[in-house]
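What follows is a single structure, written as C-alpha cells, with notes after it.
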Amino acid sequence: MCLYPNHTKFMERELKEVLIQQASNWLGIPMQTDWIQFQPTRKDVVGDLTLMVFPFAKALQRPPAEVAAILGEGLKNEVSYVEGYEVIQGFLNIIFSNDHWLHCLESMDRDDMYGISAPNSKPTVMVEYASPNTNKPLHLGHLRNIFLGYSVAELKKANGHRVVKTQVINDRGIHICKSMLAWQRYAPVLPNGERETPANTGIKGDKLVGKYYVAFEKHLQEELASVLERWKAGDFSGTSNAVQEKYKELTLACVGKDEKALAGIHDKIKELAKNETEILQAAKDMLVRWEARDPETYLLWSTMNGWVYEGFDVTYQRMGVDFDRLYYESDTFLLGKDQVMDGLARGVFFQKPDGSIWIDLSSEGLDEKLVLRSDGTAVYITQDIGTAIERFHNYQDLSGIVYTVGNEQDYHFKVLFLILEKLGYSWAKNCFHLSYGMVDLPSGKMKSREGTVVDADDLMEEVVMAATAMTEERGQIAALSEAERKALFEHIGMGGLKYYLLKVDPKKRMMFNPEESIDLMGNTGPFIQYTHARINSLLRKAEMETQVHALRIESNEIALIKTLSSFPSLIEEASEAYSPALLANYLFELTKAYNSFYQQCPILQEPDPSLRQARLILSSNVAKILGTGLRLLGIHAPARM
RNA sequence: GGUCCCGUAGCUCAGCUGGAUAGAGCAACUGCCUUCUAAGCAGUAGGUCUUUGGUUCGAAUCCAAACGGGAUCACCA
C-alpha cells in the first residue's frame, strides 16, 4: 500500500481516517465507518473524489447539503491537499490541489514499474490453463482459455504473487486410442514403404493425429448406422442377450413419449449400439493393452503424442505463452488411484458391490459421484485428485491453484474441491475454478460434428494476414527492416485477437465475430497499440529536452493524471477478480482520454517550456502504462506502427 | 424434471459490494489532415436496463416469481 502514496485507494483511506477522528468535533456524534462511502467524481462535475452524504444525513436527521458543507469545510481545513469542495444534492465533491496531482505525476514518473507490486511478496499460486486433449488440434475455445489463463497468471505476478504456470495434458484415455487405431488401420503406406508421419507428409503433428481422430469417428458412425439397421430388422447376431433385452426395453419405452424424451431414448439406444461396434471395441481393447503397458501399443502412443506435442509447441509459441511445469495425466492417474484407495480406507469413500468406488455428497446438496470404475480404472476426476495433491507435494509453499476451465465443468470442480476438502486438505479452500463462458460464432455454437470448429492456427494466420494488409497500406513502416515489419504485423494481428478475446468479462459467454476480430478501429488492441506507438514517436522527436525545474499542469492534464494514478489499484482489483477484462477496459478508457488530450493540446509545439515538459512527461507515463498493461494481457506494444 | 449461469441501444459489450441525467465500440449521419502518426478527434441519432411484484431516502444493480436463452445432472473428458 505505502508503495504508492498517491494512488486513489490510499487517498480514500487517509481521508477516511481524518473523518473518523474528527467526527465528534464536526458533527457532535461518533461516526460509523460504514457511513463513509467514496466514489470517483462524475466527469461532468467539478471535483476529484466524491463522498456520499446520505448516510450521515440520515443518522443526524439533518439535510444532506448542510452536512456536506460541514464535512467539506472540515476536510478543507484539515487536509493539506484538499483545496476545496462542492456540494450537489447529497454529494460532497472534494477538490484536490494542482500540487497534489503534480506530485502524483512526478512520483509515477520516477517508477519504471509503476503499478507492479514487489515480486514474490505474496503467496505462491499455481495457474493451470490450456490443458488440451492430445487427439486433436487446438481451436478457438482453447484460445480464450489460453489467453485468459496466461493473462491472469501475469496479473497475479504483477500483484506480487509468485506464480507457477502449468497445464495438465490429457494424454491418456480412449480418445487418443481412437486416433492410434485409425492411424494403424487407415494411414496409407507411402511409396518408400513408410506410413504417414508429420516428417514425411509435412503435416503439423497435431493436425495429422486429429485427421485420424476424425477418420475414426467417421468409421464409427458408419458402423453404428449398420448396427442400428440390423437391430431394426430384428437381426441380433453376435449381440448379447442383455443388450438385446435392453434394446427392446428402450424401444418399447418410446411409445407415447414427447419429442424431448424420445430424443433422450434414441441417444441411449445409440450409446448401446456404439458399444457393439467392432471399431469401438478395438479402441477399448487398445486402452486395456495400454494400461497393461503392452510395448507395441505404448510405442505407438508415445510416438503419436510426440507428434502432437511438436504441433502444440508451434501453436503455443505463436500465441506467446509458456508453462513452468507440465503434468501428464498418464503420470498422475495412478497417483489419483492411490489417493482413492487411501480415502476408501479412511472412510471418505465407499465401495459398491460391483467394486466401483464412490463418494456421497448428498449432504452437500449434490449426488453420489463415481471416483473409480468397477474395473479399477480411473475416471477424469480420479486424475484431478491425484494431480492436485501431487502439485502441493511439488511446491511446498503453494497456497492455491487456479483452474482455467470452461463453465461447462462448474459441477465437476464443485465436486473436486469438496472431495479434496473431505480428504482433509486445508488448501482445498484456496482452489479456484476460473470458469469462463463458451465462445459462440455468428452461425451459432461451434460443433465439431458440423465442421464449424475454428482452428487456432488458421485463425492466428488469418488475423496476422489481415493485419499485414492493413499495416502495409497505412502504417509508417518505411524505417523498418523486413524482419521488423514481419514482427510488427504479427504483434498487431495477435494483439487484436488477444484483446478481442480478453475484453469481455471471462465469466460471460461471448460472441466471436471474425470480421470484428480484425478491426483496427474503436475498442480494439491495435487502437491501443497505435496510441502507444504515436506517443513513442513524439518522445523520439522531443529527445527529452533539458530539465525544466517547475512543471506546470492545467485541468487537461489533471484528468489524465487521475486516470493514471488509479492504475495500481486497478491491477490489484483485476488480479483479485481474475479479470483481464477490467484491465482491457481500463486501457481503452485511458487511450481514449489520451487521444482526446493529444488532439486538443499541443505538446511539442507548446511554447511554455514548463507546460511542454509536463505534457511530455505525462505522455511518456501514458505510454509506460499502456505498455505495462498490454504486456499483462500478453500483447506487444510496438514503438512505431 | 433438479441444480447453476445469463437477459442493458439495430449488433457486440461496459456499468452490478445499491447513489447524480444508464455508457462505450461497431453500423448510420455531419464536420476536422499545407500543423506532434486521421489505426485519430469533435458532434448527431439510437433505451419501457425482458416482465411483474418486493426491500428503501434512492434499484440496471439486492430479493421473489414469470417469460426467454444456455450449461450440467455418464463406470465421457
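The chains referred to below are lettered A, B, ... by the order of the sequence lines, with proteins before strands, and numbering in each begins at 1.
Residue contacts shown for R509(A) are limited to sugar-phosphate atoms, with no base heavy atom under 4.0 Å away. Here F527(A) lies in heavy-atom contact (under 4.0 Å) with sugar-phosphate atoms only. Looking at heavy-atom distances under 4.0 Å, M511(A) makes contact with sugar-phosphate atoms alone, never a base. Across all strands, M510(A) comes closer than 4.0 Å only to sugar-phosphate atoms, never to a base (heavy-atom distances). Contacts of Q39(A) with the nucleic acid, taken as non-hydrogen atoms under 4.0 Å apart, include base atoms. Here T377(A) lies out of heavy-atom contact (under 4.0 Å) with every strand. Q409(A) comes within contact range of at least one nucleobase, with a heavy-atom separation under 4.0 Å. P602(A) comes within 4.0 angstrom of a nucleotide base, judged by non-hydrogen atoms across all strands. As judged by a 4.0 angstrom heavy-atom cut-off over every strand, N585(A) is placed among residues touching the sugar-phosphate backbone only. Among the heavy atoms of the strands lying under 4.0 Å from T471(A) is at least one base atom, whether or not backbone atoms are also near. Contact annotation for K445(A): backbone-only contact, meaning every heavy-atom pair under 4.0 Å involves sugar-phosphate atoms and none involves a base. In this structure, E408(A) reaches the sugar-phosphate backbone alone: every heavy-atom distance under 4.0 Å involves primed, P, OP1 or OP2 atoms, never a base. Residue contacts for A57(A): at a heavy-atom cut-off of 4.0 Å it reaches no nucleic acid atom on any strand shown.
Taking each heavy atom of L633(A) and K498(A) in turn, the nearest pair found is O-CD, 4.1 Å.
Salt-bridge annotation for K178(A) and E217(A): present, with a side-chain N of the basic residue lying under 4.0 Å from a carboxylate O of the acidic one. With respect to the salt-bridge test (charged N to carboxylate O, under 4.0 angstrom), the residues D206(A) and K136(A) do not qualify.
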Structure string for RNA chain B in dot-bracket form, Watson-Crick and G-U at under 3.5 Å, | interchain: (((((((..((((.....[...)))).(((((.......))))).....(((((..]....))))))))))))....

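Phosphate contact (OP1/OP2 of A39(B), side-chain N/O of Y530(A), threshold under 4.0 Å): present. Taking only side-chain nitrogens and oxygens, S596(A) never comes nearer than 4.0 Å to OP1 or OP2 of C41(B). Between K541(A) and the phosphate of U37(B), there is a side-chain N or O to OP1/OP2 separation shorter than 4.0 Å. Listed pair R373(A) / A77(B) meets the phosphate criterion, a side-chain N or O lying under 4.0 Å from OP1 or OP2. Between K508(A) and G70(B) there is no side-chain N or O to OP1 or OP2 distance below 4.0 Å.
With a 6.0 Å radius and a threshold of 12 heavy atoms from other residues, nucleotides or ligands, K447(A) has its NZ atom at or below the threshold.
Between G7(B) and U12(B), the distance separating the two C1' atoms is 15 Å to the nearest Å. Of the C1' atoms belonging to C13(B) and G47(B), the separation is 15 Å, rounded to the nearest Å. C4(B) sits 44 Å from C41(B) when the P atoms are compared, rounded to a whole Å. Comparing G10(B) with C5(B), their C1' atoms sit 26 Å apart, to the nearest whole Å. To the nearest whole angstrom, the two C1' atoms, one in A24(B) and one in A9(B), are 11 Å apart. Nucleotides C33(B) and A39(B) place their P atoms 15 Å apart, quoted to the nearest Å. When the P atom is compared between C16(B) and U50(B), the two are found 16 Å apart, to the nearest whole Å. Taking the C1' atom of each, C26(B) and A45(B) are spaced 15 Å apart, rounded to whole Å.
When the nearest nucleotides of RNA chain B are assigned to K414(A) and K369(A) by heavy-atom distance, the more 5′-ward of the two goes with K414(A). Checking N523(A) against D44(A), the closest nucleotide of RNA chain B that is more toward the 5' end is the one next to D44(A).
Spacing between atom CD of E368(A) and atom P of A74(B) amounts to 12 Å, rounded to whole angstrom units. As rounded to whole Å, 17 Å separates atom C1' of A39(B) from atom NE2 of H491(A). In this structure, CG of D267(A) is placed 16 Å from P of C76(B), rounded to the nearest angstrom. If you take CZ of F588(A) and P of G15(B), they are 14 Å apart, rounded to a whole angstrom. For the pair Q599(A) CD and U37(B) P, the interatomic distance rounds to 12 Å; values are reported in whole Å. Atom OH in Y213(A) sits roughly 11 Å away from atom P in A77(B) (whole-Å rounding). Y411(A) places its OH atom 16 Å from the P atom of G2(B), with the value rounded to the nearest Å. Distance D410(A) CG to C4(B) P: 12 Å, rounded to the nearest Å.
A donor-acceptor pair is defined here as one N or O able to donate and one able to accept, closer than 3.5 Å; such a pair exists between the side chain of S619(A) and the backbone of R615(A).
Judged by distance alone, the side chains of Y500(A) and N513(A) never bring a donor and an acceptor atom under 3.5 Å apart. Inspection of the S179(A) and N135(A) side chains reveals no N or O donor paired with an N or O acceptor under 3.5 Å. T41(A) and T50(A) share a side-chain donor-acceptor pair at under 3.5 Å. Side chain to side chain, T524(A) and D519(A) fail the donor-acceptor criterion of an N or O pair below 3.5 Å. Side-chain atoms of N595(A) and R534(A) include a donor-acceptor pair closer than 3.5 Å.
When distances are taken from the side chain of V379(A) to each of A77(B), G40(B), C57(B), the shortest belongs to A77(B).
In this model, a side-chain donor or acceptor of N93(A) finds a partner on the base of A20(B) within 3.5 Å.
For C33(B), the base is syn relative to its sugar; the glycosidic angle is within 90° of 0.
Looking only at side-chain heavy atoms (C-beta outward), F333(A) and T382(A) stay at 4.5 Å or farther from each other.
In this structure, F91(A) forms an aromatic stack with the base of A20(B), since both conditions hold: centre separation below 5.5 Å and plane angle below 30°.
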